[in-house]
Amino acid sequence: MAYEKLVKEILEDVGGKENINGLTHCVTRLRFNLKDEEKANTKELKEVPGVVTVVQSGGQYQVVIGNHVPDVYKEFIELSGVSIETEVVKEKKGLLDSFIDIISGIFTPVLGLLAATGMIKGLNVLFVSLGWITNTSGTYAILQAAGDCFFYFFPIFLGYTAAKKFGLNQFVGMALGAALVYPTIANLATNAEPLYTLFSGTIFESPVYITFLGIPVILMSYGSSVIPIVVSTFFGSKLEKSLARIIPSISKSFLVPFLTVIIMVPLTFIIIGPIATWAGDLLGEFVLTIYNFSPIVAGIAVGAIWQVLVMFGLHWGIIPIAINNIGVLGYDPVMVLGQATPFATAGAVLAVIIKSRNVSVRAIGIPAFISSLFGVSEPSLYGVTLPRKKPFIATLISSSVGGLILGIFGTKTFIMGGMGIFSLPNYISPETGIGTGFYGYVLAIVVAFVLSFILTLTFLYDPKEDREAQRKKDNAKNNVETRKNDLMTEVVVQLPIPGEVLSLSEIDDSAFSTGLLGKGLAVRPSEGKVYAPFDGTVETLFPTNHAIGLKSVDGIELLIHIGMDTVNLEGKYFVPKVKQEDTIKKGQLLLEFDGKAIQEAGYSIDTPIVVTNTKKYLDVLEKVEKKELIIIK
């Protein structure tokens, strides 16, 4: 239960279980679909220890955790009781938000396995390029099976995740994907003569090898494909819902999947598959045309904006395009243009760590730096570079230079494999081995790292700004006003009791009036209530409840003594609202008392309010006219 406290705080701040429509996670983020994002306490959630930041984008409420998000996700599901099957969100969204939400929902669950199997394929290519094994050996064949199994049977896996996203029976979705890569169908065109050809003389010219009930079936290669199964699953979900409404309950369990599969599989092969495949081919050619127009300009542009796309979750729109390009073209030339970004971010973070010399900055920066080297830049982005602005600019500049180099060298990615330093095998061609594109990638990430480091270290980061930001953050956290000049810091403490403010010297008690118990002010209360003047704890609550001692989160110790000699009342007329050692928030009601009854009993209600650890500070000033204490540090 390592993350129990974190999970409980996140659950509370997102509006509770009843406000959650769905939950998934990616490499660094918990991705919530909330019924009402207005119910979420975003400001408070950003301050929760263990939460890097909160991003509201793509129709999702994204809580950035870091690399350990799978463990937090698992514990969140266990502790909250949120159903992992609840993925269908009914509220209306914008077109872009809906697209990003669908894409992330379909691809997020499989990215880890996609990267893992891609790494195996990349290593296999690397071993062949280095001459350690041959591509005809048994070792190569088994490693290739381990690495290629996921990508070749991609439609089956996407059938499951897309079905989950669209609300279709997930096993029906898998069945649709399995039909697309069924070996007998996939091999029908091998060494066979076509019956006839459709669309002769056009870019859609297609030989026909089989028919279904006399209808021509255009056979496509659906292994490693993306678009056909997603479209098929979408329409399958609509069909299943319609069937479920008209088929009697007694036979739904088998008739609904029976009719869904027997209708959707032929429909996919006859209509959806060919059209979706042609759309994928056209998309690949379109992307390639734009890239070939000027790889250098494309590299600069993609490199410059990649971190911004990641920040808003818009990179999800490019991931399926890259996967489609690899399936159609055998490589992707576009997404690679932004892959110097994690290294540029790592360079900026390293410079901040070195230049800051701040323990808290290093506590955040060191793991973020390591994470960036492994290709996950969000902890660095939200924890280090973006809050400081200028280091973020350094990463954008350096990433664009990295993209420029990648464009010049014509670097392409041949597999969806590892990230960061583990991504090197992604850029080795299975056909030609290590080439200029691979060396271009190495040069790009080194230049991006070094340039970002130098820019941040010399021009784009000032530790003074960090210290000022931390001071403001601490000030906000402590709920006290702080004023600072070159010589000293002034902490302003508002008085906890409304009423007429008196100088402490006017109190008829020498221990208070002479300052023996500490400097401060006094109040002649206008109402019988004591409020917390800051965030902190109740250090002391006297048994007679006539006096209470508080300590702020930054160490200010305050004694509030209601009336003179009121200890003799033995607690009569005093009603505490807190207990000793309670944590308190500024403005919280701490104590109530009956001022009129106390006076009728013969006691003064003039209330000294003193800083008992006055000697710790340079001075404590009475501001009677402003009704405040000024503590000079």
Side-chain angles (χ1 to χ4, degrees), residues 87 102-103 105-107 109-110 113-114 117 145 148-192 194-195 198 204 206-244 247 251-281 283 320 323-324 326-328 416:
E87 289 297 332
I102 290 171
I103 293 300
I106 293 173
F107 287 91
V110 299
L113 184 56
L114 178 62
T117 52
D148 204 32
C149 62
F150 177 77
F151 198 57
Y152 181 82
F153 294 105
F154 207 19
I156 299 177
F157 294 92
L158 290 185
Y160 178 86
T161 59
K164 188 175 179 182
K165 186 64 183 176
F166 295 134
L168 174 68
N169 181 310
Q170 286 124 48
F171 295 105
V172 171
M174 293 178 70
L176 297 179
L180 288 176
V181 292
Y182 187 65
T184 302
I185 299 292
N187 296 328
L188 275 175
T190 305
N191 300 322
L195 302 175
L198 293 176
F204 302 113
S206 304
V208 175
Y209 295 92
I210 61 171
T211 63
F212 178 78
L213 299 178
I215 303 171
V217 177
I218 300 173
L219 296 179
M220 297 287 189
S221 176
Y222 295 111
S224 308
S225 64
V226 174
I227 301 177
I229 183 59
V230 173
V231 177
S232 177
T233 307
F234 172 77
F235 285 107
S237 69
K238 302 296 183 183
L239 175 61
E240 184 185 63
K241 290 180 177 66
S242 298
L243 292 172
I247 293 176
S251 55
K252 275 184 181 180
S253 62
F254 63 90
L255 271 186
V256 170
F258 166 75
L259 291 173
T260 303
V261 172
I262 203 171
I263 293 172
M264 286 308 305
V265 169
L267 190 62
T268 300
F269 275 109
I270 296 169
I271 300 176
I272 295 174
I275 293 176
T277 301
W278 287 329
D281 292 345
L283 179 61
I323 296 174
N324 179 76
I326 292 174
V328 172
M416 294 294 291

Results of side chain to side chain contact (heavy atoms under 4.5 Å, CB included) for Val226 - residues two or more places apart only: Phe107, Phe154, Leu158, Ile323
Over 12 foreign heavy atoms within 6.0 Å of NZ, Lys252: yes
Heavy-atom pair of closest approach, residues Val172 and Glu240: CG2-OE2, 4.4 Å
Partner residues of Ser251 under the side chain to side chain contact (heavy atoms under 4.5 Å, CB included) criterion, sequence neighbours left out: Ile247, Pro248, Phe254, Leu255
Main-chain N/O of Ile106 paired with Lys165 side-chain donor or acceptor, under 3.5 Å: no
From Ile185, Asn187, Val181, residue fulfilling side-chain contact (heavy atoms from CB on, under 4.5 Å) relative to Pro183: Asn187
Residues that Phe258 engages under ring-ring contact (aromatic ring centres under 6.0 Å, His included), provided they are two or more places apart: none
Which atom of Thr233 lies closest to which atom of Ala162, heavy atoms considered: CG2-C, 3.6 Å
Those residues that, when tested against Phe157, pass ring-ring contact (aromatic ring centres under 6.0 Å, His included) (two or more places apart): Phe150
Pair Ile229-Tyr222, side chain to side chain contact (heavy atoms under 4.5 Å, CB included): steps then yes or no: CA-CA 9 Å; Ile229 183 59; Tyr222 295 111; over 6 Å; no
Check: residues 260-278 side-chain donor-acceptor pairs under 3.5 Å, at least two apart:
from   : atom 1 : to     : atom 2 : distance (Å)
Thr260 : OG1    : Val256 : O      : 2.7
Thr268 : OG1    : Ser232 : OG     : 2.7
Thr268 : OG1    : Met264 : O      : 2.6
Thr277 : OG1    : Gly273 : O      : 2.7

Heavy-atom pair with the smallest gap, counting every atom of Ala163 and Gln170: CB-CA, 3.7 Å
Which residues share a side chain to side chain contact (heavy atoms under 4.5 Å, CB included) with Tyr152, sequence neighbours left out: Asp148
From CG (Leu180) to CZ (Phe153), nearest 0.5 Å: 12.5 Å
Could you tabulate the donor-acceptor pairs under 3.5 Å formed by side-chain atoms of residues 208-217, not counting sequence neighbours?
none

Main-chain N/O of Pro320 paired with Asn324 side-chain donor or acceptor, under 3.5 Å: no
